[in-house]
Number of protein chains: 2
Amino acid sequence: MLLFVMRIIPNNSSNGLGPEALRRRGLRLTGPRRLILEVVQSTDLHPTAEWVYRKVRRRLPRVSLGTVYRNLRLLVDEGIVEELRGSPGRHAGKARFDGNASVHHHFTCSDCGRIHDLTAPVDPSLDRRMAVRTGLSISHHRIEFYGRCPACQARQGPRRRARNRR
Amino acid sequence: MLLFVMRIIPNNSSNGLGPEALRRRGLRLTGPRRLILEVVQSTDLHPTAEWVYRKVRRRLPRVSLGTVYRNLRLLVDEGIVEELRGSPGRHAGKARFDGNASVHHHFTCSDCGRIHDLTAPVDPSLDRRMAVRTGLSISHHRIEFYGRCPACQARQGPRRRARNRR
DNA sequence: TTTGTTGCAAACATTTTGCAGTGTA
DNA sequence: TACACTGCAAAATGTTTGCAACAAA
């Protein structure tokens with residue numbers, strides 16, 4: 001049931017995207033910042049800023065939402081964390097953050113909007129082929145798969161009449 | 001230079017996603033609604049709500065932004081129009097709408113955030129293979145390519161030091 | 001000591017919604 | 001005529017920012 005989950009806790013100390021990545025760039029490693037990085041890298045739930053905020057506040061109750069936003073943006077700008085906007089349609093309202101900065105594919109549940117990382121390898125030759133075909137300069141790609149996750153299938157039965165109300 | 005553009009004006013009268021699609025679903029075909037549909041289907045710029053609003057207002061000056069939002073949401077809910085959230089990172093702030101409801105791939109410019117449709121065919125067998133591999137129920141996929149569009153390459157020279165400030 | 005970072009609150013941008021009036025079917 | 005739809009304005013939501021106090025280097 002969970003064999004499609006790519007990783008639980010990525011080892012970012014070894015890939016150069018841990019806390020020391022910040023020091024290296026001349027940024028200060030403060031308490032809130034270290035904790036925010038830790039939280040966003042310790043999950044593959046592609047959390048929202050709000051989710052990170054709640055999680056961080058458990059260990060650092062005085063942290064502010066503004067600080068979480070500021071640090072998430074900084075981590076994105078530094079290439080340590082990636083920012084996604086969820087699936088098309090419903091669930092698209094808020095930014096989601098991916099502590100797994102390596103290129104990988106996604107599966108998005110059209111019912112609950114949850115995004116799962118996929119184990120399938122990325123094929124870089126596709127970029128070259130598409131570049132030749134289109135004349136575009138392509139750096140990378142990501143395949144976004146859509147469907148219903150096991151939980152939603154179980155919860156709502158085999159078929160579903162979607163009525164996409166927010 | 002433009003050979004990668006998929007279509008200029010899709011023919012939605014023939015694919016069942018024109019105005020009659022609304023009538024068929026028991027929805028009223030009002031002036032503002034017809035115009036909003038027409039505008040969003042007449043471009044492949046993946047416009048924002050604001051862009052649609054400005055365009056619609058040229059022909060219907062009394063239309064309100066609220067009506068544009070309400071109708072875009074309705075068209076999305078009916079599956080006539082698709083809602084995207086732009087690229088990850090900068091440019092991700094606002095919803096974009098795609099009047100081309102058929103499945104196709106995208107190229108997103110990491111500099112200017114513009115999204116282009118791609119001509120490359122979609123391979124449905126990939127869904128089956130990935131479904132087998134992961135145990136997930138997959139309905140479709142879309143490949144999101146990233147790189148720099150010709151305009152941005154020309155404007156900023158061959159290389160670029162990105163500093164992702166918003 | 002210097003200056004980047006924080007908490008707080010206010011500002012901002014985008015999108016949704018309540019309401020009374022309007023126009024489509 | 002009925003009621004889905006509209007314009008308008010206010011509200012809601014998500015995110016950014018100015019500022020004075022704070023703390024990492």
Side-chain angles (χ1 to χ4, degrees), chain A residues 19-37 40 46-54 56-57 59-78 81 83-86 88-97 113 164-166, chain B residues 19-37 40 46-54 56-57 59-78 81 83-86 88-97 113 164-166:
Chain A
E20 71 293 349
L22 291 171
R23 276 225 187 74
R24 205 179 319 121
R25 291 164 219 236
L27 298 164
R28 291 188 183 170
L29 193 48
T30 63
R33 180 168 295 163
R34 172 192 273 112
L35 204 41
I36 289 163
L37 177 59
V40 76
H46 306 83
T48 62
E50 183 67 34
W51 190 95
V52 174
Y53 172 56
R54 282 200 304 271
V56 167
R57 208 162 45 159
R59 283 209 266 157
L60 201 67
R62 289 191 49 83
V63 80
S64 76
L65 186 52
T67 294
V68 171
Y69 271 107
R70 256 187 304 234
N71 278 286
L72 286 174
R73 173 122 340 272
L74 179 142
L75 292 170
V76 168
D77 290 348
E78 294 301 325
V81 163
E83 181 178 0
L84 314 167
R85 294 278 165 164
R90 290 168 305 165
H91 315 298
K94 43 185 86 161
R96 297 171 155 276
F97 297 89
N164 290 335
R165 285 267 149 249
R166 240 206 257 241
Chain B
E20 71 291 350
L22 291 171
R23 276 224 187 74
R24 206 181 316 123
R25 291 164 218 234
L27 298 165
R28 293 188 182 169
L29 192 48
T30 62
R33 181 168 296 163
R34 172 193 272 113
L35 205 42
I36 289 162
L37 178 58
V40 76
H46 307 82
T48 62
E50 182 67 34
W51 190 95
V52 173
Y53 172 56
R54 282 201 304 270
V56 167
R57 207 161 47 158
R59 284 210 265 157
L60 200 68
R62 289 189 51 81
V63 79
S64 77
L65 185 55
T67 293
V68 170
Y69 271 107
R70 256 188 302 237
N71 277 287
L72 286 173
R73 175 122 337 275
L74 180 142
L75 293 170
V76 168
D77 290 348
E78 294 300 325
V81 163
E83 182 179 1
L84 314 166
R85 295 279 165 163
R90 290 167 306 163
H91 314 298
K94 42 184 87 163
R96 298 171 155 275
F97 297 89
N164 290 333
R165 286 266 150 250
R166 238 206 257 241

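In what follows, every chain begins at residue 1, and chains take the letters A, B, ... in the order their sequences are listed.
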>> Is there a side chain to side chain donor-acceptor pair (under 3.5 Å) between Arg57(A) and Tyr53(A)? Walk through the geometry before answering.
In response: CA-CA 6 Å; Arg57(A) 208 162 45 159; Tyr53(A) 172 56; 3.0 Å; yes

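Contact annotation: the side chain of Leu29(B) never approaches that of Leu37(B) to less than 4.5 Å [non-hydrogen atoms, C-beta and beyond]. Looking at heavy atoms from C-beta onward, Val68(B) lies out of side-chain contact with Glu50(B) at the 4.5 angstrom threshold.
Residues Arg25(A) and Glu78(A) are paired through a salt bridge, judged by an N-O separation under 4.0 Å between the basic side chain and the carboxylate.
To the nearest 0.5 angstrom, Leu84(B) atom CG is 15.0 Å from Lys94(B) atom NZ. The distance from the CD atom of Glu20(A) to the CZ atom of Arg23(A) is 8.5 Å, given to the nearest 0.5 Å. Taking CG of Leu60(A) as the reference point, atom CG of Leu35(A) lies at 6.0 Å (rounded to 0.5 Å). Atom OG1 of Thr48(A) sits about 9.5 Å away from atom CG of Leu72(A), to the nearest 0.5 Å.
With Arg33(B) contributing its side chain and Arg28(B) its backbone, the two residues share a donor-acceptor pair below 3.5 Å.
In this structure, Arg34(B) places its CZ atom 14 Å from P of dC5(D), rounding to the nearest Å. One can place CZ of Arg62(A) at 10 Å from C1' of dC8(C), the figure rounded to the nearest angstrom. Across the protein-nucleic acid pair, Leu72(A) atom CG and dT6(C) atom P stand 11 Å apart, rounded to whole Å. To the nearest angstrom, P of dT15(D) lies 8 Å from CD of Glu83(A). One interatomic measurement links the two molecules: CD of Glu50(A) to P of dT16(D), which rounds to 14 Å at whole-angstrom precision. Atom-to-atom, CG of Leu35(B) to C1' of dT6(D) comes out at 14 Å; the value is rounded to the nearest Å. Distance, Arg33(A) CZ to dG7(C) P: 11 Å, rounded to whole Å. Distance, Asn71(B) CG to dA4(D) P: 15 Å, rounded to whole Å.
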> What one-letter contact string describes nucleotides 18-25 of chain D from 5' to 3', where B marks a base within less than 4.0 Å of any protein heavy atom, S marks contact via sugar-phosphate atoms alone, and - marks no contact?
Replying inline: B----BBS

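Nearest nucleotide to the Val63(A) side chain, out of dG7(C), dT5(C), dT15(D): dG7(C).
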For nucleotides 9-13 of chain D, print each protein N/O atom paired with a nucleotide N/O atom at under 3.5 Å, atom names and distance only.
none

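Across the interface with DNA chain C, nearest-nucleotide mapping of Gly26(A) and Val68(A) shows Gly26(A) to be the residue nearer the 5′ end.
For Arg73(A), no side-chain nitrogen or oxygen approaches OP1 or OP2 of dT17(D) to under 4.0 Å. For the OP1/OP2 pair of dT15(C) and a distance below 4.0 Å, the side-chain nitrogens and oxygens of Tyr69(B) include at least one atom meeting the criterion. The side chain of Thr67(A) contributes an N or O atom lying less than 4.0 Å from OP1 or OP2 of dG7(C).
Between the axis at the start and the axis at the end of the helix from dT1(C)-dA25(D) to dA25(C)-dT1(D) there is an angle of 40°, using five pairs per end and rounding to 10 degrees.
The two atoms that bring Val40(B) and Pro47(B) nearest to each other are CG2-CG, 4.4 Å, heavy atoms only.
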